[in-house]
Amino acid sequence: MSATPVRAPRDIAAPGTGGVGDSPLRPDGTLKVKGEFAYSSDLWIDGMLWGATLRSPHPRARIVSIDVAEALAHPGVAAVLTHEDVPGRKHFGLDHTWDQPVLAFDEVRHQGEPIALVAADHPETARRAMEKIRIEYEVLEPLTDARRAAFDPAYPQVQPRGNLARHQPVRVGDVEAAKARAEVVVSGEYRVGIQDQAFLGPESGLAVPAEDGGVDLYVATQWMHNDLKQIAPCLGLPEEKIRMTLSGVGGAFGGREDLSMQIHAAMLALRTGRPVKIVYNRYESFFGHVHRHPAEMRYEYGATRDGKILYADVEILLDGGAYTSATMNVVGNAASLGVGPYVIPNVRIDAYGVYTNNPPCGAMRGFGAVQACFAYESMMDKLAEACGLDPVTVRQVNAASQGSELATGQVIWAPLPMAEMLQQARELPMPPPLDPADIRNLPGGASQTTHGEGVRRGVGYGVGLKNICFSEGFDDYSTARVRLEVVGGEAVALVHTAAAEVGQGLVTLEAQIARTELGVERVVIHPADNQVGDAGSSSASRQSYMTGGAVMTACRAVRERVFALAAARLGRPLDTLGELSLTGGKVVSESAGVLASIEDVLGDSVVEETREYHHEPTTGMDPVTGRGDSHTQLALCVHRAVVDVDVELGLVKVVELAAVQDVGKVLNRLSLEGQIHGGTAQGLGLAVMEEIVVADGKVRNPSFTDYLIPTILDMPPMRLEILENADPRAPYGLRGAGEPPTLSSTPAIVAAIRDATGLALTRVPVRPEHITGSS
Amino acid sequence: MRVTFTVNGRRETADDVWEGESLLYVLRERVGLPGSKNACEQGECGSCTVYLDGTPVCACLVAAGQAEGREVRTVEGLADGDRLDPVQEAFVECGAVQCGFCTPGLVVQAHDLIERVEQPSDAEIREALAGNLCRCTGYEKILDAVRLAAARKAAAS
C-alpha cells in the first residue's frame, strides 16, 4: 500500500533443531549481536520527517490559549498540530476507560502531558520550532495527596470521573471476632516508591501514509491489537486502513502497554503526506510512559503464640496519577493477592486506586502484586520476631498449598509446594564470608569506603505469588497461524502471530513448539503484525501460555491435515493407519512405523491453519466481598538474599540471591533462567536503588544519571533451583515465569538488610539515610 | 558542516551536519549504521559504545566534528562477513541477548576487554562492563558469555 522502510522487519529463520525443552539459539540473536536487528528507532525511509512532542511543564494547569503560528513559520517545519487537529475521538485509554486526551485541551493533569506535535526536517528543527509554540497557562496547585484523593470528599477533583478509580474490598470470616482471640498482634505501615520500567529502547516508531488514505505503522508495543482499537477511532479511520507491524522492541516490562507516539506519528504523517519518525530521548521517555504505582499500605495481623495467623486487616492505597491506564486491574491484583500465598481464615482487605496529578502509573512487571508482596512479606518477618520463630518457619506454618483457599475463596487446585520450596531455599549452601582482601567485594566497592569495618552480614527470605494471564473474567486469548509447505525440497513451518517479542524469547519458543508438534527442523518466524488475529499483550507472564498454546493448537490442526493427506496418498482410510505422529520429518504410525516423509506427503500442497487459544475462564471479583475465581494460574517464587551492609555509611552490597521457582515445565532453560535473573534484578532495583523522585507532582530525576538501575556491579551471582510441578491445564504443563521473581527478590533483600542492621525499614527503595538514620 | 571519517574501514563523508549532532546521530541517521544504540544519549548506559581510534567511547558524547579524520569501529564492523566475532558468538550462545538493545554496546566493550586482558577474572569483567546497563538479563548470562569468549580466544591463540 505504500513504500517499505529500510530495515523493515522481515521473516527470520529459526536456527538449530531444538524442540520444547531444548535451548536452541534465539532466531533474532545473530541480528542483535551484529547490530542489524531493526528496532523501532532504527527505521528509515526516504523523505521522512521527524516528529516531536511538546509537553506540559506543569503537573496541573488550565490551558488558556495555544498559538502555533510562529512555530509553523519556522523554516523546515511541515506541520504543527494540537487537539483541534485530532481527526476522531479526542481520548484514548487501556481497557474501557478512555480518559486520556490524545493532545491536552482545557487542562493538563500531569507533568509531561502531550499538548502539541511538530514535524520537521531534522530533530533539532523540530525542537527549536517547539520553543516557538506559545501556550498560556493558568497554573493550578497540583493535587498530589493520594490519601485525601481516596478519602476526603472535599478534595478537588483531578478529572471529571472523581478521584477514586476503584475500591476493591476482600472479606473473609470475621476479623473483629478474630481480633479478640489473637495472642500476638503485629502491625506496620509500608511504602513503595515509583519504579520505572527503564526499558533501554526508547519509545519510537515510523508512520508511513498510504495511498488508500490509511497509514502503515511500525512501532514497538506490547499489544498491537489493543493499540489499534485505540488508534483507529482517534484517527477517524477504520481499523483495516491501519496496518501495524511490530518493529524491534528494546524491552517493555509493562511500559509499552499504553500508547505513546503511535497516534501522534500517524496524525503527522496523515497531515503532511510524508513518513514521520518519532524517537523519544531518555528524558522524554520518563514522561512518555506510565510507571509502577507507588503504594501506601497499612497491615495488621493477629496470630496465635505459635505463629498461626488468625486475621489480616489490610489497607492498600495505590496512586495512579491523572488517568486510568491499568489502575483498575492493578487494584484488582493488589486486593486478590493482598496477603499473598498464606492461608488466613479472617481477612479484611481494602485496595484503592486514586487519581492525582502525580506521574501517571499503570502496568509494570508484577502489576499490583509487587507492592503488596513487599508489605505482606515484611509482616511475616515481623510476626516471626514477635513469636520467636525463624522467618522460614513462620512462612511454612501459614503456607498455602494445593487445595488451599486464597483470600478470595479461589481454591489453588494446581501444585503449590511452598513449604518445601522454602525449605529448599534455606538449605542451599551459603556464600563464603566477607573477603576484605578484595575491596571490590565490599559495600562501596572501588570507592574504598570501607576495608570491612562497620560491615555486617544479613540473610532474608521473600515469597511472592503472581497471577499468570489476564484475570477477573477477561476473555483472554491468542491467535496463531501456522503454514507448512515444501520449500527447496524441505518441509518448512511458517509461524505468524501478532504477539510481541519484547526480549523474553517468545520467537524462540514458537519455533520450538512448531518443531515438536510438526516434526520438522526448519521454522520461519513471520514478523508480528495485525494481518493475523489478536495475540493479547506480552504481559502478565502470559505469552508462553497463550501464544505458546495458540501455536501448539494451530500446529496440531495442521498436523491433522497432514495425516489426512498421508492417508489419501497411501490410498487408505485414515482410521486404519493407527496412532499417527510427525517425528523426524516423517509421518509415523505407532503400529506400522514410518509411512512417508512429510515432504512426500505434502508435495505441492500448502497446509495452513489459524487457531485461537483461550485459557480456562475466570470470574470477576465480587464488588463487596472480593469473592471469585479471578485467576487462571498462580505462580510462586521464593528468594533468599544475602547482603553485606556498611552500617556506618548505609551502603548495601547484595552478596548473593538464590531463587527457588516452580515453572511447571521447563520449555527453554536458557530463556527461563534469563527471565528469573532479569526479574530478580528488577526486584533488587526496587529494594535498594530505583525510585522516581517526585516533588509537588514534578519528577526530579528523569535521567539515567539520577534514576539508577542495577549495573553488573550491583547484581550479585545468582543461584537458581527450578522445579517442574506441572499445571495440567496449561500447555505442556508450563507456568508463566517472568514476574514471580520480581515480587520476591525485593522483600528478601530488605529482610536481609533488616537482619544485618536491626532496623524496621518500612519503605522501598531503602536509601543509605534510612540505614544511617540521617534522613 | 561536512564530516569525513573512516568507519569499519570505509571512508564516509556526511554533508549538512548540524554542529550539535553527535557521532551517534551521524552513524545512525547519516551513514546507515544504526547498530550503535540510542538508549540514554547522555553517556550513562553504554549502548552506543564504539571504538574511536581504538578506544571504546560513548558515541553519544562525541560531537560529530570530533570524529573528523578519525577511525571509528562499530558493532557492525566486528564480524567477518557471516563469521561472528567470538564475543558475538558467545553472547548468542549463552543467552546474553534478550531484547538486545544493550547488546551492541556490551559486545564492543567486552571485545575491548578481552583484547586487553587474556583471561579476565569475574571482578575484572564486572569492572569493565560497569558502564553498560542491561535491563533484561540481570547480567548473569553476560558474564557467562564474556568468560566463554575469553576462554575460546585464549584457546585459539
Side-chain angles (χ1 to χ4, degrees), chain A residues 6-7 23 25-26 28-39 41-42 44 122-124 197-202 248-253 279 281-283 438 440-441 446 502-505 670-671 673-674 676-682 684 703-705 709-713 715 717-718, chain B residues 16 18 20-21 25 28-29 32-45 47 74-79 82 84-85 87-89 91-104 107 122-123 125-143:
Chain A
V6 178
R7 296 186 285 272
S23 292
L25 304 183
R26 291 183 69 99
D28 54 12
T30 300
L31 291 171
K32 284 178 173 176
V33 295
K34 291 175 83 175
E36 291 173 1
F37 185 71
Y39 292 91
S41 55
D42 298 341
W44 192 90
H122 188 280
E124 179 63 13
Q197 295 83 355
F199 44 69
L200 288 194
V249 184
F253 317 116
V279 182
N281 62 22
R282 184 51 52 182
Y283 175 90
D438 187 341
R440 289 175 296 193
N441 297 328
V502 297
Q504 79 277 43
L670 206 60
S671 293
E673 289 177 352
I676 302 175
H677 290 150
T680 300
Q682 291 181 4
L684 178 144
S703 74
F704 279 168
T705 308
I709 66 173
T711 70
I712 197 168
L713 289 172
M715 280 309 294
M718 282 179 261
Chain B
D16 302 322
W18 170 59
E21 283 177 25
Y25 184 88
R28 291 177 52 78
E29 305 294 340
L33 293 173
S36 310
K37 286 289 167 276
N38 54 318
C40 82
E41 297 175 274
Q42 55 185 171
E44 295 289 350
C45 75
S47 68
T74 72
V75 68
E76 289 100 333
L78 294 185
D82 281 343
L84 295 181
D85 179 87
V87 175
Q88 293 173 314
E89 200 174 59
F91 265 65
V92 183
E93 267 178 53
C94 293
V97 179
Q98 286 188 31
C99 94
F101 211 79
C102 68
T103 303
V107 163
D122 280 6
I125 297 172
R126 287 182 189 273
E127 207 167 325
L129 303 185
N132 292 77
L133 297 176
C134 169
R135 190 55 159 166
C136 296
T137 66
Y139 304 102
E140 283 279 280
K141 303 290 187 195
I142 291 171
L143 279 156

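We name chains A, B, ... by the order of the sequence lines, and we start the count at 1 in each one. Please read all numbers here as calculations on a predicted model, not as lab measurements.
Heavy-atom pairs under 4.5 Å with chain B peak, among A/Ser671, A/Ala252, A/Ala198, A/Ala446, at A/Ala198. Comparing A/Pro202, A/Gly505, A/Gly251 by heavy-atom pairs within less than 4.5 Å of chain B, the highest count is held by A/Pro202. Contact count versus chain B (heavy atoms, under 4.5 Å) is highest, among A/Gly35, A/Ala38, A/Gly248, A/Ser23, for A/Gly35. Interface check for chain A: of the options B/Pro104, B/Ala123, B/Ala79, the most heavy-atom pairs under 4.5 Å are formed by B/Ala123. Listed options B/Gly100, B/Gly95, B/Gly35 were ranked by heavy-atom pairs under 4.5 angstrom with chain A; first place goes to B/Gly100. For the set B/Arg28, B/Glu76, B/Glu21, the count of heavy-atom pairs under 4.5 angstrom toward chain A peaks at B/Arg28. Your options are A/Ala681, A/Pro717, A/Pro123, and the one with the most heavy-atom pairs under 4.5 Å with chain B is A/Pro717. In terms of non-hydrogen atom pairs under 4.5 Å with chain B, the most contact-rich of A/Thr705, A/Leu25, A/Asn281 is A/Thr705.
For a residue to count as touching a neighbouring chain, one of its non-hydrogen atoms must lie under 4.5 Å from one of that chain's; by this rule B/Leu133 touches chain A with backbone and side chain alike. Using a 4.5 Å cut-off between heavy atoms, A/Val6 makes no contact with chain B at all. With a 4.5 Å cut-off on non-hydrogen atoms, B/Glu127 touches chain A through its backbone and its side chain both. Only the backbone of B/Thr137 comes within contact range of chain A, with at least one heavy atom under 4.5 Å from a heavy atom of that chain. For B/Cys45, the part sitting under 4.5 Å from any heavy atom of chain A is the side chain, from C-beta outward, and nothing else. Within the 4.5 angstrom heavy-atom criterion, atoms from both the backbone and the side chain of B/Ala130 approach chain A. Interface remark: A/Phe253 contributes side-chain atoms only to the contact with chain B (heavy atom separation under 4.5 Å). Both the backbone and the side chain of A/Thr30 come within less than 4.5 Å of a heavy atom of chain B.
Distance CG/B/Asp122 to CZ/A/Arg440: 10.0 Å, rounded to 0.5 Å. The structure places CG of A/Leu713 at 12.0 Å from CD1 of B/Ile125, a figure rounded to the nearest 0.5 Å. Atom NE2 of A/His677 and atom SG of B/Cys134 lie 12.0 Å apart (nearest 0.5 Å). Between atom CD of residue A/Gln504 and atom SG of residue B/Cys136 there is a gap of 9.5 Å, rounded to the nearest 0.5 Å.
Side-chain contact between A/Glu673 and B/Glu140 is absent, with no heavy-atom pair separated by less than 4.5 Å. Side-chain contact between B/Asp82 and A/Lys34: present, with at least one pair of heavy atoms (C-beta onward) separated by less than 4.5 Å. Side-chain atoms of A/Leu200 and B/Lys37, non-hydrogen and from C-beta on, never get closer than 4.5 Å to each other. Using a 4.5 Å heavy-atom threshold, the side chains of A/Leu670 and B/Lys141 count as touching.
A donor-acceptor pair under 3.5 Å links the side-chain atoms of B/Tyr139 to the main chain of A/Pro710, judged by distance alone. In terms of modelled atom types and a separation under 3.5 Å, the side chain of A/Glu124 and the main chain of B/Gly20 share no donor-acceptor contact. Panel note: side chain A/Lys32, backbone B/Cys99; a donor-acceptor pair is recorded below 3.5 Å. Here the side chain of A/Tyr39 pairs no donor or acceptor atom with the backbone of B/Pro34 at under 3.5 angstrom. Between the side chain of B/Glu44 and the backbone N or O of A/Ser703 there is no donor-acceptor pair closer than 3.5 Å. Formation of a donor-acceptor pair under 3.5 Å by the B/Glu41 side chain with backbone atoms of A/Arg282 is not found in this model. Between the side chain of B/Arg126 and the backbone N or O of A/Thr711, no donor-acceptor pair lies under 3.5 Å.
Here the closest non-hydrogen pair linking B/Asn38 and A/Val279 is ND2-CG1, 3.4 Å. In plain terms, the two heavy atoms of A/His122 and B/Trp18 that are nearest each other are CE1-CE3, 4.0 Å. When all heavy atoms are compared, the tightest approach of A/Arg26 to B/Val97 is CD-O, 3.2 Å. In terms of heavy-atom proximity, B/Cys40 sits nearest to A/Phe704 at CB-CD1, 3.7 Å.
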